[in-house]
Structure formats: C-alpha cells, structure tokens
Visitor: 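This structure is in structure tokens; I'll ask about it shortly.
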Protein chains: 2
Amino acid sequence: MEVKRTQAQRTAATRAALVVAARPLFAEHGYAAISTDQIARAAGVTRGALYHQFAGKEELFAAVVEQVEEEIQARIAAEIEAAAPTDVDAMIGANIDAFLAACAEPEVHRIALIEAPAALGWERWREICFRYGVGNVERVLQSLIDAGLVADQPVRPLAHVVAGALDEAALYAARAGDREAAVEEARGALRALIPGLLTR
Amino acid sequence: MEVKRTQAQRTAATRAALVVAARPLFAEHGYAAISTDQIARAAGVTRGALYHQFAGKEELFAAVVEQVEEEIQARIAAEIEAAAPTDVDAMIGANIDAFLAACAEPEVHRIALIEAPAALGWERWREICFRYGVGNVERVLQSLIDAGLVADQPVRPLAHVVAGALDEAALYAARAGDREAAVEEARGALRALIPGLLTR
DNA sequence: CAACTTACGGACAGGTTGTATGGAAGTCAA
DNA sequence: TTGACTTCCATACAACCTGTCCGTAAGTTG
C-alpha cells in the first residue's frame, strides 16, 4: 500500500534495517569479510541508501557496535537488579556473572571485543567502551573505594585493567568447546582475581 | 656482484625482507590499510615473490605476529633475569614492568594486541598467545600455586584472565598522551590487582 | 503548487586480492 | 659439463570491493 511516510521515518527505517542486517553478518564473518553490498541486499536496500545514511562502512559498523554495547549494558543492569546482591562479594559476583552471560553470543563478543578495536581503531573503541563497559566498571570500583572496601587509588587505570580481565574471560568462555565448563572456569578465575582488590 | 645463492638462502632472504618490511607498515597503519603491493615494494620484491613465499596476506601477517611475540618474549625473559627478583612481590612486579616495557612500541602492541585478533581470528590469535605470552603467565602462576603462594585452582583460565589484564594495561599505557604517567598508572593498577591472588 | 531539500538507485573509477603463466635461478644425476 | 627437473620470482589478468557522482523519486516549505 505504501503509505506516506515522513522523512524522519524513512531515515529511521533505513538506518535500522541496515544496522539490523549488518549485525549478524559482522558477528559471523567479521568486519572485513562482509561487503557493503551484502549488507545492503540483506537490508533490502541498495548501497546508495547505505552511503547516504552512513559516511561509510566503518560508520555503519560503529553504529552496530554502539547498539550492541547499549544492549549488553541494559542486560547487565537488569540482571544486577534482579539478583539484588546484599553484600560486596555477592555484588561483585553478580557483576561478573551478568557480564559473562551478556557476552555469550557472538553478536556481542565478536563484534564488541574482537572486531571493533581493529576496525574502529583502539582510541575510538576505547571511547565507546568508556561510555559503556569500562565506565560501568569504573563506577562500581569508585563506589567500593568510597565505601573503604578497596584501597584508595586512581580508578580509571584500575577500571581498564579489570575490564581487560573481564573481556578476556568473556572470550575464553564464549569461544570454548564446552561452553558450560568454560563459563564456570572463567567465573572462577575472575572470582579469584577481582575480590583480591578488597581490603581485609 | 650477485654471488650465487642457494635456494634456501634466497627463500630466507625474501621471507625475511617481506616480514621486516611489513612489520612497521602494519604497526603504523593496521592490517587492512596496507596492501600487499606496498609491502612487496618496501621489501624490494614483487607481489609474485610474496605470494610464492606466503599463502596470502594473512599468512605473512601471521609470520610478523610470530616474530613480534618471539621478540617480546625474549625481551621479557632478559629483563626478568636482569632484575633477579628475590621475593614473590618483586617477582610479580618484575614481570609486570617487563611486560609493560616490552609493549611500549606500536610494533608490539598494535600488531600483537589490536590487529592480530581480528586479522587472524581469535582462535588462532589465542593459539599464538598461548605459545608465548599467556603460556608464560601460566608458568609463573603454576609456580606460585606449587609454592603454595596462590590458592590451588585451574591455571589456564586464570592465566587468560591475568593476561587480559596485562594486555589492557599495556594498551592503556602505550596509547596515552602522557606516556610516563600512564605507565605508572597501569603499573599501579596491575600491582593492586594481581598480588591480590596471593594467599595471606 | 512550485521551488527546494532529502532519500535513494544505478553506474563509474580507482584500488585490492589472489591466480595463472612464463622465464630465470638453482639442483641433481649421468 | 650438460640436460632434465624443481624452486623462485615477475608480469598480466580476472573478480571484487569501496567510495563517489549523477539522476530520479519522495517529502517539505513558503
């Protein structure tokens, strides 16, 4: 029927279709192995539309990364709230579990942790991570420092290092043959490492 | 003069020239942004030689990664030996310092930590890391466990997680504006996190 | 409703990877 | 030494991919 659509709606629909179509393709084959033509065709538009809506392939990928980060951030927040941890150890554990669960699918870990740093450049990747993952870690650490549970120190570098450990654990868990066992191992390693920050 | 060279010498010379030429190019511009033609020209050969010696661009890059890993491994071992740490804390600190120093140049951290996972795929990257960096971490951790200084637990996942923290710290330090200060911050964060594994 | 802006499709130019082909360099047996 | 044989390398070629240009359609505004 082709109802009359406003420009904003057309733009939103096209951008959304491209991002939605690109995401699983990037997740399965990687940034370099997927062509803009494949994405456009999967989205039901042409490359012309893609290049009108995004400055280029990299910008489209950035939009996908942004969407993924936003999503896992929301998932983690929801899981933490559901767990409603009472003491510090439970809170740290809940954060670890939520992060590992959120990174389980390739759409998350492959895009956000493997492809993004190389495709967008580390600086840009770090900037995005800082607004989501690392930023969250930093907030948690800061609250622990404020509560006197972690020794006072510069939070930013500590947040990066802890986030690095979390990222690697997520990849270890997600990419293993026996997923269940690997998640358990990764959880164990993180629970051995991170609570070591607590003052006792 | 063009002395007569044996086939093995020709092969070795060509492969070495390609790897040596490719390394700084990949380090500065990244894997995707450098063409096989640029590499071949920088090496003083043609793409024909490149494709005769390596199965493709990716295999050449893998050779570069391998060389970088081997080199930093040697550097770290030498620095540890030079430091000759006596107690556990000093040993851990020496490992941290040596790793951060080894990753300072882009030729190391950009190639081995940023480009390699995406270009070679995480599985292959992990396999290489395991023969070098992660493997080394695992050996150190195992010795600590054997000595009763770290709680008994599966070493492999712990080694991955610790290596992830080290990698992120190296990137944080290497990519910062004020290098000196960032190295100090990264070192501080690692020294706050890793010794937390020690039983007290 | 007419001028204007925005969204999009198709075609083109430049550059990239990998392969195929022919010749040069080295090896080995007689 | 020589002649067959293998290895090494350079050039030419085909397929593909990105980004841009231009024309057209859809929507907006005075």
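Throughout, protein chains are lettered first and strands after them, A, B, ... in sequence-line order, and every chain is numbered starting at 1.
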Visitor: Any salt bridge between A:Asp146 and A:Arg139, counting N to O under 4.0 Å?
Guide: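 Salt bridge absent between A:Asp146 and A:Arg139.
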
Visitor: If you look only at distance, which donor and acceptor atoms sit under 3.5 Å apart when one is on a side chain in residues 66-74 of chain B and the other is two or more places apart or in another chain?
Guide:
| residue | atom | partner | partner atom | Å |
| --- | --- | --- | --- | --- |
| B:Glu66 | OE2 | B:Arg131 | NH1 | 2.6 |
| B:Glu66 | OE2 | B:Arg131 | NH2 | 2.8 |
| B:Glu66 | OE2 | B:Tyr132 | OH | 3.4 |
| B:Gln67 | OE1 | B:Arg23 | NH1 | 2.8 |
| B:Glu71 | OE1 | B:Arg23 | NH1 | 2.8 |
| B:Glu71 | OE1 | B:Arg23 | NH2 | 3.4 |
| B:Glu71 | OE2 | B:Arg23 | NH2 | 3.0 |

Visitor: Distance-only check: which donor-acceptor pairs under 3.5 Å involve side-chain atoms of residues 156-169 of chain A, not counting sequence neighbours?
Guide:
| residue | atom | partner | partner atom | Å |
| --- | --- | --- | --- | --- |
| A:His160 | ND1 | B:Glu168 | OE2 | 3.4 |
| A:Glu168 | OE2 | B:His160 | ND1 | 3.4 |

Visitor: Return a single string for nucleotides 7-20 of chain C, one symbol per nucleotide in 5' to 3' order, where B is base contact, S is sugar-phosphate-only contact and - is none, cutoff 4.0 angstrom on heavy atoms.
Guide: BBBS-----SBBB-

Visitor: Roughly how many Å is it from CD in A:Gln9 to P in D:dA26, rounded to a whole number?
Guide: 16 Å

Visitor: One thing to verify: whether A:Glu123 and A:Arg126 come together as a salt bridge, which I'm taking to mean a side-chain N less than 4.0 angstrom from a carboxylate O.
Guide: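 So A:Arg126 does not pair with A:Glu123 through a salt bridge.
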
Visitor: Counting only heavy atoms not in A:Gln38, do more than 12 sit closer than 6.0 Å to its CD atom?
Guide: yes

